[in-house]
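Report on the structure given below.
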Amino acid sequence: MKPQSIEFNAIIQQNGEMNAAFVEFPFSTDELFNKKGQVKIKALFDDKVEYRGSLAKMKSDCHILGLTQEIRKQLGKTFGDEVSVSLIEDKEERVVEIADDIEFIFNENPAAKGLFDKMSYTHRKEYIRWIEEAKKPETRENRKIKMILMILDGKKGI
């Protein structure tokens, strides 16, 4: 059975002075999802831009959903604009795809791999994205080594 999507319109708000945006979730997560804390969701903005993230409570009365710069760019919208939101709870496991060369360095560093596997999906994704964004092969190699050192040093993310 496909979960019922929750739809609403919201104004894109600026988070303080930062170049960060969010919309308020106008419903009770407790009633809808039986959760008071963070709720993992899949959202569709203006029926065209998909996003996988979380509803979070950030010192706010209600839960909020962040809109990354990338999403705002794709929508052609900014602070003060209205956006339509359609979302469902995301119950799929969040898996980070790891390229063979990165898997190889993890196999040589099992302690780092163990720590990496215990990290949140977001932190694992950040590390892998950072390596994969390298333009030159030598930058990629350097970042793989740096990642192992950072993980062993206890750094949770980039």
Side-chain angles (χ1 to χ4, degrees), residues 1-99 102-103 106 111-134 143-144 146-148 150-158:
M1 190 175 112
K2 198 170 178 235
Q4 181 66 42
S5 70
I6 298 154
E7 303 189 359
F8 61 97
N9 288 340
I11 300 296
I12 300 172
Q13 300 187 42
Q14 183 172 4
N15 187 351
E17 298 294 308
M18 299 184 292
N19 186 9
F22 67 91
V23 293
E24 291 184 342
F25 183 68
F27 308 105
S28 161
T29 57
D30 201 5
E31 288 171 25
L32 289 169
F33 308 111
N34 216 9
K35 292 183 182 172
K36 286 183 177 9
Q38 190 182 61
V39 182
K40 292 180 173 152
I41 55 94
K42 284 182 184 172
L44 183 63
F45 295 108
D46 285 349
D47 292 325
K48 62 181 180 189
V49 180
E50 291 182 16
Y51 174 66
R52 206 167 173 195
S54 298
L55 293 171
K57 200 132 168 118
M58 312 277 277
K59 297 184 185 129
S60 47
D61 294 336
C62 58
H63 278 68
I64 60 170
L65 177 59
L67 271 81
T68 63
Q69 277 180 267
E70 185 58 34
I71 288 172
R72 297 195 312 267
K73 202 161 77 186
Q74 288 176 29
L75 292 170
K77 293 191 170 178
T78 188
F79 313 126
D81 292 339
E82 188 176 65
V83 64
S84 76
V85 184
S86 170
L87 62 82
I88 58 168
E89 186 174 3
D90 184 0
K91 293 187 170 160
E92 287 175 29
E93 188 184 345
R94 296 182 176 202
V95 179
V96 177
E97 296 293 324
I98 300 176
I102 301 171
E103 197 66 62
F106 272 136
K113 176 71 166 128
L115 292 167
F116 178 83
D117 288 342
K118 288 186 186 119
M119 286 180 195
S120 72
Y121 166 77
T122 303
H123 289 136
R124 292 192 321 260
K125 185 178 72 176
E126 282 173 0
Y127 271 120
I128 300 304
R129 183 189 299 152
W130 177 60
I131 292 170
E132 292 183 341
E133 282 173 348
R143 285 185 182 177
K144 286 192 298 194
K146 204 182 252 181
M147 174 190 70
I148 296 296
M150 286 163 70
I151 290 171
L152 292 173
D153 204 31
K155 281 195 111 132
K156 288 278 187 248
I158 299 298

Checklist line | Glu133 vs Arg143, side-chain contact (heavy atoms from CB on, under 4.5 Å): CA-CA, chis, key distance, verdict | finding: CA-CA 10 Å; Glu133 282 173 348; Arg143 285 185 182 177; 4.3 Å; yes
Check: Given His63 and Phe33, is the side-chain contact (heavy atoms from CB on, under 4.5 Å) satisfied, shown in steps?
Finding: CA-CA 12 Å; His63 278 68; Phe33 308 111; over 6 Å; no
Margin query: Between Lys73 and Gln69, does the side-chain contact (heavy atoms from CB on, under 4.5 Å) criterion hold? Intermediate values first, please.
Written below: CA-CA 6 Å; Lys73 202 161 77 186; Gln69 277 180 267; over 6 Å; no
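The NZ atom of Lys40 sits 12.5 Å away from the CG atom of Leu55 when rounded to the nearest 0.5 Å. Here the straight-line distance linking atom CD of Glu7 with atom CD1 of Ile88 works out to 11.0 Å at 0.5 Å rounding. Atom CE in Met119 sits 4.5 Å away from atom CD1 in Ile151 (nearest 0.5 Å). Atom OG1 of Thr68 and atom CG of Asn19 lie 10.5 Å apart (nearest 0.5 Å). Rounded to the nearest 0.5 Å, atoms CD1 (Ile102) and CD1 (Ile131) are 4.5 Å apart. Distance CZ/Arg52 to CD/Glu92: 5.0 Å, rounded to 0.5 Å.
For Gln14 (side chain) and Met18 (main-chain N/O), a donor-acceptor pair under 3.5 Å exists by modelled atom type. The closest donor-acceptor contact from the side chain of Ser86 to the backbone of Leu44 lies at 3.5 Å or more, if one exists at all. Between the side chain of Asn15 and the backbone N or O of Ala21 there is no donor-acceptor pair closer than 3.5 Å. Using a distance-only test at 3.5 Å, with no hydrogens or angles considered, a donor-acceptor pair links the side chain of Ser28 to the main chain of Asp30.
Atom CD of Glu103 sits in a crowded spot, with more than 12 heavy atoms from other residues, nucleotides or ligands closer than 6.0 Å. The environment of CD in Glu97 is sparse: at most 12 heavy-atom neighbours from other residues, nucleotides or ligands sit within 6.0 Å. Lys155 NZ: 12 or fewer foreign heavy atoms inside a 6.0 Å radius.
Across every non-hydrogen atom of Tyr127 and Lys156, the tightest pair is CE1-O, 3.7 Å. Residues Val23 and Ala10 come closest through the heavy atom pair CB-CB, 3.7 Å. Across all non-hydrogen atoms, the minimal contact from Ala43 to Leu65 is CB-CD2, 4.2 Å. Across all non-hydrogen atoms, the minimal contact from Gly76 to Asp81 is O-OD2, 4.5 Å. The two atoms that bring Lys146 and Trp130 nearest to each other are CD-CH2, 3.6 Å, heavy atoms only.
Among residues at least two apart or in separate chains, side chain to side chain donor-acceptor pair (under 3.5 Å) pairs with a member in residues 113-124 are Lys113-Asp117, Ser120-His123.
Between Phe25 and Ile6 there is a side-chain heavy-atom pair separated by less than 4.5 Å. In this structure, the side chains of Lys77 and Phe45 stay at 4.5 Å or more apart for every pair of heavy atoms. Here the side chains of Val85 and Tyr51 are not in contact, with every heavy-atom distance at 4.5 Å or above.
Between Phe8 and Phe27, the ring planes lie perpendicular to each other; the angle is over 60°, past the 30° to 60° tilted range.
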